[in-house]
Amino acid sequence: MDETEFWEIVDRTREAADGDPEEQADLLVERLLQYDPESVLDFARHFEARYNRAYRWDLWGAAAVLLDGASDDAFDYFRCWLIGQGREIFEGALHDPDALADLLGEFDEEVDGDGEELGYAADEAYEQLTGVVAPDLGIPAQSEEPAGTTLDFEDESALAARFPRLWERFGTG
């Protein structure tokens, strides 16, 4: 499975789920069950590589503004959700996290921003196909610390200065 096919699957399942991340995860499992186990592992590698790429302080700060705070777990689930939004939004956010203010349409904090189940979809599909837990994907592990410059998520003025468009649209200040 190449990168284009990975993003096509993400896009189709998101559209079919009408943006609901839990429904998207269910549809993703159903879709992946149509592939052979090695292709499911390829999908998992694409997902994990993007998940690791998004382990950055600036994205964590953007998540903190969008979600009115973001714990370690909340940021993990946010990165899964961000991948689930598709290539344009994912790459746009990596290029400029503040651009999420323009890239995102409606944002419901109760539903959006948490794609935890998306992170498990490939593993679930693989296990259903083979009856065994997915093996190690053989890609580099996520770094110990997020990339970039540390941000103080408690400092609202710093967040507002770093993410002016996000702050204007989603900030609590």
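Predicted model, so just to flag it, every value in this text is computed and none were measured. Just so it is clear, the values below take in all heavy atoms, side chains as well, and ignore hydrogens, waters and symmetry mates. By convention here, the first residue in the shown sequence is residue 1.
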What's the separation between atom OG in Ser39 and atom CD in Gln34, rounded to the nearest 0.5 Å?
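If I round to the nearest 0.5 Å, the distance is 12.0 Å.
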
Determine whether Leu118 and Leu28 satisfy the following criterion, side-chain contact (heavy atoms from CB on, under 4.5 Å), listing intermediate values before the conclusion.
CA-CA 8 Å; Leu118 291 170; Leu28 188 53; 4.2 Å; yes

Shared hydrophobic cluster, Leu33 / Leu41 (ILVMFWY, side-chain heavy atoms < 4.5 Å)
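Same cluster: Leu33 reaches Leu41 through Ile, Leu, Val, Met, Phe, Trp or Tyr contacts under 4.5 Å.
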
Would you compute the distance between atom CG of Asp2 and atom CG of Asp42 and round it to the nearest 0.5 angstrom?
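Reported to 0.5 Å precision, the distance equals 9.5 Å.
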
Aromatic contact, Phe43 with Tyr35 (centres under 6.0 Å)
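Between Tyr35 and Phe43, which both carry aromatic rings, the centre distance is not below 6.0 Å.
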
When rounded to the nearest 0.5 angstrom, what distance separates CG in Leu137 from NE2 in His46?
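Those atoms lie 11.5 Å apart.
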
Got Val133 and Asp123 here, is their nearest side-chain heavy-atom distance under 4.5 Å?
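No - every pair of side-chain heavy atoms lies 4.5 Å or more apart.
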
Only pairs at least two apart or in different chains count here, so list each salt bridge (charged side-chain N to carboxylate O under 4.0 Å, His left out) that has a residue in residues 15-38.
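Matches after skipping sequence neighbours: Glu38-Arg45.
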
Does one hydrophobic cluster hold both Phe90 and Ile139, with members joined at side-chain heavy-atom distances below 4.5 Å?
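They do share one cluster, since a chain of ILVMFWY contacts under 4.5 Å joins Phe90 to Ile139.
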
Closest non-hydrogen atom pair, Gly86 against Asp11:
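Shortest heavy-atom contact: CA-OD1, 3.5 Å.
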
Please list all pairs passing the salt bridge (charged side-chain N to carboxylate O under 4.0 Å, His left out) test where one or both residues lie in residues 77-90, with sequence neighbours left out.
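Pairs touching residues 77-90 that pass the test: Glu3-Arg87, Asp76-Arg79.
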
Considering all heavy atoms of both residues, which atom of Ala44 and which atom of Ala122 are nearest to each other, and what is their separation?
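Taking Ala44 first and Ala122 second, the nearest heavy atoms are CB-CB, 3.7 Å.
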
Quick one: side chains of residues 146-154, donor-acceptor pairs under 3.5 Å with protein atoms, not counting sequence neighbours, listed by atom name and distance.
from   : atom 1 : to     : atom 2 : distance (Å)
Asp152 : OD1    : Glu154 : N      : 2.9

With sequence neighbours excluded, give me every side chain to side chain donor-acceptor pair (under 3.5 Å) pair touching residues 126-137.
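Checked against side chain to side chain donor-acceptor pair (under 3.5 Å) - neighbours excluded - the pairs reaching residues 126-137 are Glu124-Gln128.
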
Please find the pair of heavy atoms, one from Pro97 and one from Phe163, that lie closest to each other, and give the distance.
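Reported closest heavy-atom pair: CB-CE2, 4.0 Å.
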
Shortest non-hydrogen contact between Gly92 and Ala99, atoms and distance:
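For Gly92 and Ala99, the tightest heavy-atom pair comes out as O-CB, 4.3 Å.
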
Would you give me the side-chain donor-acceptor pairs under 3.5 Å for residues 66-74, sequence neighbours excluded?
from  : atom 1 : to    : atom 2 : distance (Å)
Ser71 : OG     : Ala74 : N      : 3.1

Please tell me if the side chains of Met1 and Ile9 come closer than 4.5 Å, counting only heavy atoms from C-beta onward.
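The answer is yes, as the side chains (C-beta and beyond) meet within the 4.5 Å cut-off.
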
Taking a hydrophobic cluster as the set of Ile, Leu, Val, Met, Phe, Trp and Tyr residues connected by side-chain heavy atoms closer than 4.5 Å, whether directly or through intermediates, do Tyr51 and Trp57 fall within one such cluster?
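Hydrophobic grouping puts Tyr51 with Trp57.
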
Spacing of OH belonging to Tyr77 relative to CD belonging to Glu116, to within rounding of 0.5 Å
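Here the rounded value is 3.5 Å.
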
Worked verdict on Glu91 versus Arg50 for salt bridge (charged side-chain N to carboxylate O under 4.0 Å, His left out):
CA-CA 10 Å; Glu91 294 294 342; Arg50 277 143 195 84; 5.2 Å; no

Could you walk me through whether Leu27 and Arg14 pass the side-chain contact (heavy atoms from CB on, under 4.5 Å) test, one step at a time?
CA-CA 8 Å; Leu27 293 171; Arg14 182 188 65 258; over 6 Å; no

Gap separating the CZ atom of Phe75 from the OH atom of Tyr55, nearest 0.5 angstrom:
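Rounded to the nearest 0.5 Å, the CZ-OH separation comes to 7.5 Å.
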
Answer yes or no: is there an ion pair linking Glu5 with Arg12, defined by an N-O contact shorter than 4.0 Å?
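So Glu5 does not pair with Arg12 through a salt bridge.
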
If you define the side chain from C-beta out and look only at heavy atoms, does anything of Asp114 sit under 4.5 Å from Trp81?
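Not touching, per the 4.5 Å side-chain cut-off.
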
Not counting sequence neighbours, list each pair that qualifies as a salt bridge (charged side-chain N to carboxylate O under 4.0 Å, His left out) and has a residue in residues 158-170.
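Found Asp58-Arg162, Asp96-Arg165, Asp98-Arg165, Asp102-Arg165.
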
First locate atom CZ of Arg53, then atom OG of Ser143, and finally report the distance between them rounded to the nearest 0.5 Å.
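Reported to 0.5 Å precision, the distance equals 13.5 Å.
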
Contact summary for Val40 and Leu32, nearest pair of heavy atoms
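Smallest heavy-atom distance, with atoms named: CG2-O, 3.4 Å.
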
Looking only at heavy atoms, what is the nearest atom pair of Phe78 and Leu100, with distance?
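Looking at all heavy atoms of both residues, the closest pair is CZ-CD1, 4.1 Å.
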
Starting from Ile83, can I reach Val29 by hopping between I/L/V/M/F/W/Y residues whose side chains sit under 4.5 Å apart?
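Result: yes, single cluster for both.
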
Hydrophobic cluster membership, Phe107 vs Trp60, 4.5 Å side-chain cutoff:
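Yes, one cluster joins them.
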
Check: Trp7 ring centre within less than 6.0 Å of Phe47 ring centre
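Ring centres of Phe47 and Trp7 not closer than 6.0 Å.
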
